Every structure is written in structure tokens, then in C-alpha cells.
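For reference, the structure is listed below as C-alpha cells.
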Amino acid sequence: MTDQGGGGGQNNMQTMTPEQREQAFAMANQEMEYRVDLFNKLVHSCYEKCIDKRFKDGDLNVGETACVDRCSSKYWQSVGIVGQLLGANQQQQQQP
Amino acid sequence: MTDQGGGGGQNNMQTMTPEQREQAFAMANQEMEYRVDLFNKLVHSCYEKCIDKRFKDGDLNVGETACVDRCSSKYWQSVGIVGQLLGANQQQQQQP
Amino acid sequence: MTDQGGGGGQNNMQTMTPEQREQAFAMANQEMEYRVDLFNKLVHSCYEKCIDKRFKDGDLNVGETACVDRCSSKYWQSVGIVGQLLGANQQQQQQP
Amino acid sequence: MDPQLLNSLPEEDKTKMVAMIETMQTRDSLRMYNNLVEKCFSECVNSFRRKSLEKDEERCVSKCCEKFLKHSARVSVRFAELNAQTMEQPPPAA
Amino acid sequence: MDPQLLNSLPEEDKTKMVAMIETMQTRDSLRMYNNLVEKCFSECVNSFRRKSLEKDEERCVSKCCEKFLKHSARVSVRFAELNAQTMEQPPPAA
Amino acid sequence: MDPQLLNSLPEEDKTKMVAMIETMQTRDSLRMYNNLVEKCFSECVNSFRRKSLEKDEERCVSKCCEKFLKHSARVSVRFAELNAQTMEQPPPAA
């Protein structure tokens, strides 16, 4: 589930069959959707944790910006932890 | 809106026109999406109702498992009740 | 981001290339999805603000109907305000 | 989509557009069904001593569902009016 | 989809249907991953004095994740049973 | 998607990929627009004595919107940095 740069297959699109080409596009599409969804949930989560909802003005104060930076970093760490657990869980389920 | 096994048309895919074939795939796709969404909402709803969020450990205790089983059954019943009401509502709206 | 009736291009579908045609359908699809999503969020928001959740009966009382009407109008105004701010924000980001 | 606009399309495109609209409506109906179950279950079912719904829970789910549908129908009418009003006004400078 | 039904399709359609199911499963797995992070982060991480997770926050996220997966697996079994029960009964008049 | 990777694709695939990215961006922008209205309406509008927004409600919605956009822009920068850091490290054994 981690982010990977293109593997060998993605660079050799000229040598793929039409079905493999379709599948490569479908996978790229799914990866992009995953990243967009991840970003949106990160924005939402740190908005809820850090942003003062009284809206006295439209700027983030010093406390909010520090919180947002640290929240983003902690969220990213959480993505890694959950990713590892899901990977281990999948391996467990595939064992005969 | 209820779950149906395949009707006669789905078994006779060889006899369909290309447009009918496309439509059959689209309908199968929509039904699958509906079932996945239903399952995910069932998981979410019973998680909220039954699971202790203090996470002292990673297992479900006896109370939680009993709750989850009953919650799933009650949720399924609710799906049936809402389905019947929606079906009746649609018929009402289609009457001349 | 505002709702527009068809522009000149949409009426002249006979004169488009296949790629332009595909793009016109994709744009129409996205606009429809936007409007469906807007409507659903409007329904949800005004349900939360106006509807008594005790469900003593299945009808809306006089207070609820007045609230729903005004809520819908206020939500629509908010759509306009946010739309203008997003439009101004985009222009800002595109300035060299 | 504006019915006048839809009818002005060539036959092939009109068929494709109508199919697109129908697919979207079906998908929206199925999503609304699932959302409604989730919403009414959340409001109405709060104890899990037995695996069947109590009579008052069944009644609550039914009333919740009816109420939501009536609410949605009313908003639908207001939405159409607000849309029509916006069409008549010149759009704000974007 | 009913395995019997799937196998009764012509080879070309079966391939297409299997591809559709796999795409849907992958997309659902990726969504579940993102939902799980959001849910467990929300429950477990509430202070932002430093940019790294505290040990107890890491533990909480792990336990939250394990617990959700076990919960989801149990619901999965119940869901399959409830589905099978519904197949045996005549469907309510729609 | 990595720009280097995108440019290494044959022209036909590059066009298709760019179109896919643009479609996704447009859809994400439209969703963000709707989410932002829902979020700021929920925070700012709580009385329904009249059918037009009060001046303070209009101001609240504007400020809410501005604040969210600034927040989102900041997260965007942090997200890019975190992504870049992860690329440099060997990925954890999956």
C-alpha cells in the first residue's frame, strides 16, 4: 500500500498488450484516487484538530500553523503504521 | 431495491446486443457498489455502537462480540424496513 | 463554478471531433455529479439544522417546514458566497 | 440538464446523455437508500440485548424514513425554485 | 456475485466481470486504508506539542487498527450469514 | 505522478494520462467546493428566522472559507515535503 515510483513495467508501455495497457492506466488511476483521498482526509483531520472555528478573521495564527505542521507529520506517521499492519494482516490471510 | 440472484436475462448473455450487454455490466457494477457500500456502512455503524474506543488491547471482548452480532442482525432488519418503505414511496410517485 | 446553461459549443455537437465529443460528455457528467452532490449536501445540512429527531410521527410540523424553506435559501446564498471566493482564489493563484 | 438543450442534440448523443443521466439517478437512489438506513439506524437503535428490532425501534426507523423522504421532497421543490431564480439573474463575475 | 452465476457466463464476459470485481476490491481496500487512518488518528492523537507520535499514541493507533480489522472480519461473517438467510426467504413484495 | 515518469511515456499515453489527471483535478475541485459550503454553513448558520443570511453569517462564511483555503494550502506544502522524505527512504517491508 505504500507509494512507489514507477516500476519497470510502467516505463515500457510500448511493449504492453492493449489489455495490459488498460490495466496499467486503471492502476495509475486508482493510485491517484488513493493519494487524493489521503490528502483530503489529512486536510480534514488537521482542520478538526487545529483550527479555531470561531472565524474571527481569515488567517491562521501562530498556534494554528504550528499545530497544522505537527499534525500533518503525525498523520503521515499514522499512515505508515496502519499500512504496515494492513500489509501484515494480508499476509496472514493468504497463508494456507 | 432488494438483492436478487440473476434473472433469466443475465444467463443469456450470448443472445444480447452489444448495448444490452453494456447495460447488463453497468447494472452488475451498480449492484456490487451498492452491496460494498451497504457492508461498509454496516461495519461503521456497529463499530460506533459496540466498540470501546479506549483501545486497551486489540481484541474484542465478550460484550463487544455479542453486541456486534446483534447489531449486524438489527441493521439487516433495518435495511429491509427502509427498502419496503422506499419501494412503496416509488409506487406512490408513479401513480397517475 | 456557477451553474450555466449550455454555451455555444454544447449545441454544435455535430461539428466536434470525437475527442471533443468525449470531453463534452465528460464535462456534462462532472457538472451533473456536482449538482447531485450539492443537492444531497443541502438536504443533509437542512435535515440536521431543522428536523426533530425524536420521530414522534412521520410528518414535518409547521416550524420544521418554515425552517427547511429558509435553510434551503440560506444554503443557496452560501453556495454563491463560497463560489465567488473560490473564483477569486483561483485568479490569485494564476497571476505570474 | 435543461430539457430544451437535451432535445437539441443529435439522436446518438441524446441517447448517450439519457443513459448517463439514468445511470447517475440509479446510483444516487442506491446511495440514498444506504444513507437513509445508516442515518435512521443511528438515531433509532441504541440497545443490543436481542438480535431483533423492538417494536418501538421498528416504528422509529419507519417514521425516520418517512420524515426524511418528506423533507427531501420539500427541499427538492425549493432547490428547483432557487435554480430557476439563479438562471434569470446575470451570474456573478467569476 | 454468485459463483455459480459467474461461471455460467461466456469466457469473454467472465473475464470482464472478474476484472470489474478485482477493480472494485482494490478500490475498496484503498478506501478502507484511508478511512482506518482517519478514524484511528481521530481517536488516538490529540496533542500536537511535537511532530512525532508519542509511544502511547503509536500503541493506540496500532490497537485501534487491530481492533477494527477484527471487528470488520466478524461483521463479514455475520453479513454472509444474513445474506444467505435472505436468499432462502421469498423477497418482500417490492 | 512523477513528472519525469510522465514525460517518458509515448505521446499517446501521455495525452491519456494528462487527461486522466485533469479530470481527477476538476472532480476534486468540485467536491472541495461542495464540502466547503457544507462545512462553513454548518459552523456559521444556526438560526432560521429569515430566508436571507444575516451580515454576521455572511462574514462568518467568508472567513471560514478563507481560513480553510489557507489551511489547505499549508497542508499541501507539508504533504509535498513528507512525500519527498518518504521517497528518499527505503520503503518499509510490505
Side-chain angles (χ1 to χ4, degrees), chain B residues 1-7 10-14 16 21-22 24-26 28-29 31-33 35-40 42-48 50-61 64-65 67-73 75-77 79-81 83-84 86-88 90-91, chain E residues 1-2 4-14 16-17 19-21 23-25 27-29 31-32 35-36 39-40 42-44 56-57 59-87 89-94:
Chain B
M1 303 262 178
T2 52
D3 233 11
Q4 304 178 32
Q10 235 165 318
N11 288 339
N12 296 332
M13 285 201 85
Q14 301 95 314
M16 288 186 183
R21 197 192 218 90
E22 269 311 299
F25 274 114
N29 196 22
E31 196 194 312
M32 272 192 271
E33 283 209 34
R35 288 173 56 80
V36 166
D37 189 31
L38 191 159
F39 175 74
N40 287 333
L42 162 57
V43 169
H44 170 78
S45 299
C46 293
Y47 179 86
E48 292 301 316
C50 293
I51 303 297
D52 182 355
K53 313 288 194 311
R54 282 167 297 175
F55 307 125
K56 283 173 287 186
D57 60 74
D59 287 301
L60 277 62
N61 64 41
E64 286 170 322
T65 55
C67 179
V68 168
D69 293 348
R70 293 168 191 159
C71 177
S72 303
S73 173
Y75 195 93
W76 192 258
Q77 248 190 289
V79 170
I81 292 174
Q84 282 192 291
L86 284 179
Q90 270 193 331
Q91 282 182 327
Chain E
M1 191 192 204
D2 179 19
Q4 242 181 326
L5 183 63
L6 186 61
N7 284 323
S8 72
L9 296 174
E11 205 55 39
E12 185 196 341
D13 293 332
K14 189 157 83 170
K16 191 173 173 182
M17 195 63 87
M20 203 161 84
I21 293 173
T23 299
M24 203 167 288
Q25 287 178 331
R27 196 181 61 185
D28 191 51
S29 293
R31 283 180 185 172
M32 190 267 280
N35 281 338
L36 193 47
K39 203 191 282 281
C40 294
S42 171
E43 297 281 354
C44 292
D56 63 321
E57 288 173 334
R59 188 176 182 281
C60 178
V61 168
S62 295
K63 293 301 166 195
C64 169
C65 189
E66 279 183 52
K67 205 162 181 183
F68 181 87
L69 290 172
K70 282 173 182 153
H71 165 73
S72 186
R74 191 172 186 97
V75 173
S76 194
V77 174
R78 296 288 93 84
F79 184 69
E81 290 169 359
L82 291 159
N83 255 301
Q85 278 176 34
T86 305
M87 292 293 188
Q89 292 163 13

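The structure displayed is predicted, hence computed values, not measured ones. Chain naming here is simple, since letters A, B, ... match the order of the sequence lines and numbering starts at 1 in each. What you see below is based on every heavy atom in this structure, not just the backbone, and it leaves out hydrogens, waters and symmetry mates.
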Inter-residue atom distance Met24(E).CE - Glu33(B).CD, 0.5 Å rounding: 4.5 Å
Under 4.5 Å from any heavy atom of chain E - which part of Val43(B): both
Spatial distance of atom CZ (Arg74(E)) from atom OG (Ser72(B)) [nearest 0.5 Å]: 9.0 Å
Residue Asp52(B) versus chain E: region with a heavy atom under 4.5 Å: both
Side chain, backbone, both or neither of Cys44(E) within contact of chain B (heavy atoms, under 4.5 Å): side chain
Nearest heavy-atom neighbours spanning Glu43(E) and Phe55(B): CB-CE1, 3.8 Å
Side chain to side chain contact (heavy atoms under 4.5 Å, CB included) partners for His44(B), two or more places apart: Glu48(B), Glu38(D), Lys39(E)
Distance, nearest 0.5 Å, that separates CG of Asn61(B) from NZ of Lys67(E): 6.5 Å
CD on Gln25(E) to CE on Met32(B), rounded to 0.5 Å: 9.0 Å
Per-residue contact mode, Glu64(B) against chain E (heavy atom under 4.5 angstrom): side chain
Shortest non-hydrogen contact between Phe39(B) and Ser76(E), atoms and distance: CE1-CA, 3.6 Å
Least distance between heavy atoms, Met17(E) atom then Ala28(B) atom: CE-CB, 3.8 Å
Side chain / backbone / both / neither for Arg59(E) at chain B, heavy atoms under 4.5 Å: side chain
Pairwise side-chain contact, Leu38(B) with Phe79(E), heavy-atom cut-off 4.5 Å (strictly under): yes
From CG (Asp69(B)) to CD (Glu81(E)), nearest 0.5 Å: 8.0 Å
Euclidean distance, Ile51(B) CD1 relative to Phe68(E) CZ, rounded to 0.5 Å: 9.5 Å
side-chain hydrogen bond (donor to acceptor under 3.5 Å, both in side chains) evaluation trace for Arg35(B) with Asn83(E): CA-CA 10 Å; Arg35(B) 288 173 56 80; Asn83(E) 255 301; 3.1 Å; yes
Most contacts with chain B, counted as non-hydrogen pairs under 4.5 angstrom, among Ser62(E), Cys64(E), Ser72(E): Cys64(E)
Contacts of Cys65(E) that satisfy disulfide (SG to SG under 2.5 Å) - sequence neighbours left out: none
Residue among Met20(E), Lys16(E), His71(E) with most heavy-atom pairs under 4.5 Å to chain B: His71(E)
Among the listed options Arg31(E), Arg27(E), Met32(E), the residue most often paired with chain B at heavy-atom distances under 4.5 Å: Arg27(E)
